[in-house]
Amino acid sequence: MNTDNNNLEWKLCDAYFSILEKNMTSQVDLEQLSKVTKISIEEVNRIVSDNLIDNRIFFLKILISKLDKEVLNELKADIVDDTISTTYDKILEGFSLRFEKYMKYKESFKILSQNSKQRAKVFFNLFRENYNFSSNLLNLIEEDQNCGIKTLKSLALNFVFTKCLEKFLKVENKDLDSVIRHLDKYLSDMQDLGIFVGIIKNK
């Protein structure tokens with residue numbers, strides 16, 4: 001997709017989440033998006049309606065893709081000269097940064113997952129995005145990984161993140177401490193299991 005389309009998608013996505021949080025509903029009319037963004041309704045329809053998936057999922061994928069790129073770029077800058085932190089430390093930092101980025105959109109995420117049916121749909125459709133983030137995180141942190149082992153680790157990290165995301169959505173305040181504590185615990189449990197079966201190296 002060309003840069004102009006990417007820019008238009010992001011402009012619509014940003015407007016979608018602004019309207020969503022203001023109106024407290026995930027059902028955002030395309031005409032509202034056109035009015036807020038000053039993009040013609042024909043162009044909005046071209047961009048949004050041509051994608052044969054739920055509009056909520058369409059915009060959520062755009063948002064998460066943007067935030068995840070920011071997280072990975074920031075982490076890459078943080079660890080470029082880091083010779084002290086362990087693989088575990090870097091994974092913990094990567095996921096902590098991800099939750100920090102998500103905090104701005106927490107209310108929107110809660111609206112999008114306000115009932116079990118909607119939550120299941122959202123989480124199912126985002127499974128690939130979460131897996132891709134975990135895989136890209138491992139690519140950044142570790143080198144020369146066996147493809148099969150990397151897949152197992154990415155799936156395990158996806159599971160950890162999903163469990164922590166549930167905690168994140170339940171915490172009423174904007175304090176991430178309890179979420180990070182759960183993240184640390186789940187990662188520690190996974191690492192212990194990984195060391196036991198030879199998947200994750202303790203270094």
Side-chain angles (χ1 to χ4, degrees), residues 1-77 94-137 140 154 158 161-162 164-176 179:
M1 183 174 289
N2 63 43
T3 302
D4 288 341
N5 267 347
N6 281 332
N7 290 338
L8 287 175
E9 280 192 356
W10 172 246
K11 192 172 183 179
L12 289 169
C13 179
D14 192 43
Y16 172 84
F17 282 99
S18 295
I19 296 169
L20 182 151
E21 192 164 337
K22 181 179 179 180
N23 296 345
M24 300 297 289
T25 175
S26 61
Q27 302 302 321
V28 178
D29 192 277
L30 295 187
E31 291 186 359
Q32 286 180 286
L33 289 175
S34 175
K35 183 178 180 180
V36 170
T37 59
K38 295 182 171 52
I39 299 173
S40 70
I41 188 63
E42 292 80 14
E43 190 76 345
V44 172
N45 274 305
R46 180 186 70 80
I47 294 170
V48 178
S49 300
D50 284 352
N51 293 274
L52 302 178
I53 54 176
D54 190 312
N55 288 346
R56 295 170 298 179
I57 304 301
F58 174 67
F59 287 120
L60 193 56
K61 285 185 175 183
I62 294 171
L63 175 66
I64 287 180
S65 176
K66 181 177 186 293
L67 296 180
D68 284 353
K69 286 177 183 176
E70 291 176 2
V71 169
L72 292 171
N73 286 336
E74 288 182 22
L75 182 64
K76 183 177 181 179
F95 277 104
S96 298
L97 282 172
R98 200 180 192 208
F99 278 114
E100 287 175 15
K101 291 287 183 182
Y102 284 15
M103 181 61 78
K104 178 181 177 182
Y105 298 93
K106 182 176 179 178
E107 291 306 313
S108 296
F109 292 157
K110 289 172 72 172
I111 294 167
L112 289 171
S113 58
Q114 60 190 351
N115 60 63
S116 57
K117 183 177 180 180
Q118 190 163 298
R119 186 182 304 116
K121 184 176 183 180
V122 167
F123 280 103
F124 177 79
N125 278 277
L126 291 179
F127 181 87
R128 182 175 178 82
E129 277 65 30
N130 289 332
Y131 172 83
N132 285 341
F133 176 81
S134 298
S135 180
N136 289 331
L137 178 65
L140 182 62
S154 297
N158 194 2
F161 177 79
T162 300
C164 289
L165 185 59
E166 292 175 358
K167 300 288 182 183
F168 174 75
L169 294 174
K170 288 178 182 177
V171 175
E172 294 299 325
N173 57 42
K174 294 189 176 181
D175 185 2
L176 279 175
V179 176

Measure the spacing between [atom1] of [X] and [atom2] of [Y] and express it to the nearest 0.5 Å.
X      : Y      : atom1 : atom2 : answer
Phe109 : Glu21  : CZ    : CD    : 10.5 Å
Lys110 : Lys106 : NZ    : NZ    : 5.5 Å
Asn136 : Leu75  : CG    : CG    : 11.5 Å
Glu9   : Ile62  : CD    : CD1   : 4.0 Å
Leu165 : Asn158 : CG    : CG    : 10.5 Å
Asn7   : Lys11  : CG    : NZ    : 9.5 Å

Which residues share a side chain to side chain contact (heavy atoms under 4.5 Å, CB included) with [X], sequence neighbours left out:
X      : answer
Ser154 : Tyr131, Ser134, Ser135, Leu138, Lys150
Asn23  : Ile19, Thr25, Gln32
Met24  : Ile111

Open item on the list: Going by ring pair (Phe, Tyr, Trp, His ring centres under 6.0 Å), name the pairs with one or both residues in residues 13-32, residues two or more places apart or in two chains.
Closed with: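 Qualifying pairs, neighbours excluded: Tyr16-Phe59, Phe17-Tyr105.
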
- [ ] Could you tell me whether the side chain of Asn55 reaches within less than 4.5 Å of the side chain of Val28, counting heavy atoms only?
- [x]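 Not in contact.
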
Would you tabulate the side-chain donor-acceptor contacts of residues 64-71 under 3.5 Å, counting partners in other chains and residues two or more places apart, or write 'none'?
| residue | atom | partner | partner atom | Å |
| --- | --- | --- | --- | --- |
| Lys66 | NZ | Glu70 | OE2 | 2.7 |
| Asp68 | OD1 | Arg98 | NE | 2.9 |
| Asp68 | OD1 | Tyr102 | OH | 3.3 |
| Asp68 | OD2 | Arg98 | NH2 | 2.9 |
| Glu70 | OE1 | Lys101 | NZ | 3.2 |

Could you list the donor-acceptor pairs under 3.5 angstrom formed between side-chain atoms of residues 36-44 and any protein atom two or more places apart in sequence or on another chain?
| residue | atom | partner | partner atom | Å |
| --- | --- | --- | --- | --- |
| Thr37 | OG1 | Leu33 | O | 2.5 |
| Thr37 | OG1 | Ile39 | N | 3.4 |
| Ser40 | OG | Glu43 | N | 3.1 |
| Glu43 | OE1 | Arg46 | NE | 3.2 |
| Glu43 | OE2 | Arg46 | NH2 | 2.9 |

Open item on the list: How close do Leu72 and Leu140 get, counting heavy atoms only, and between which atoms?
Closed with: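 Looking at all heavy atoms of both residues, the shortest contact is O-CD2, 3.6 Å.
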
Task: Distance-minimising heavy-atom pair for Leu97 and Glu74 - done: CD2-OE1, 4.0 Å

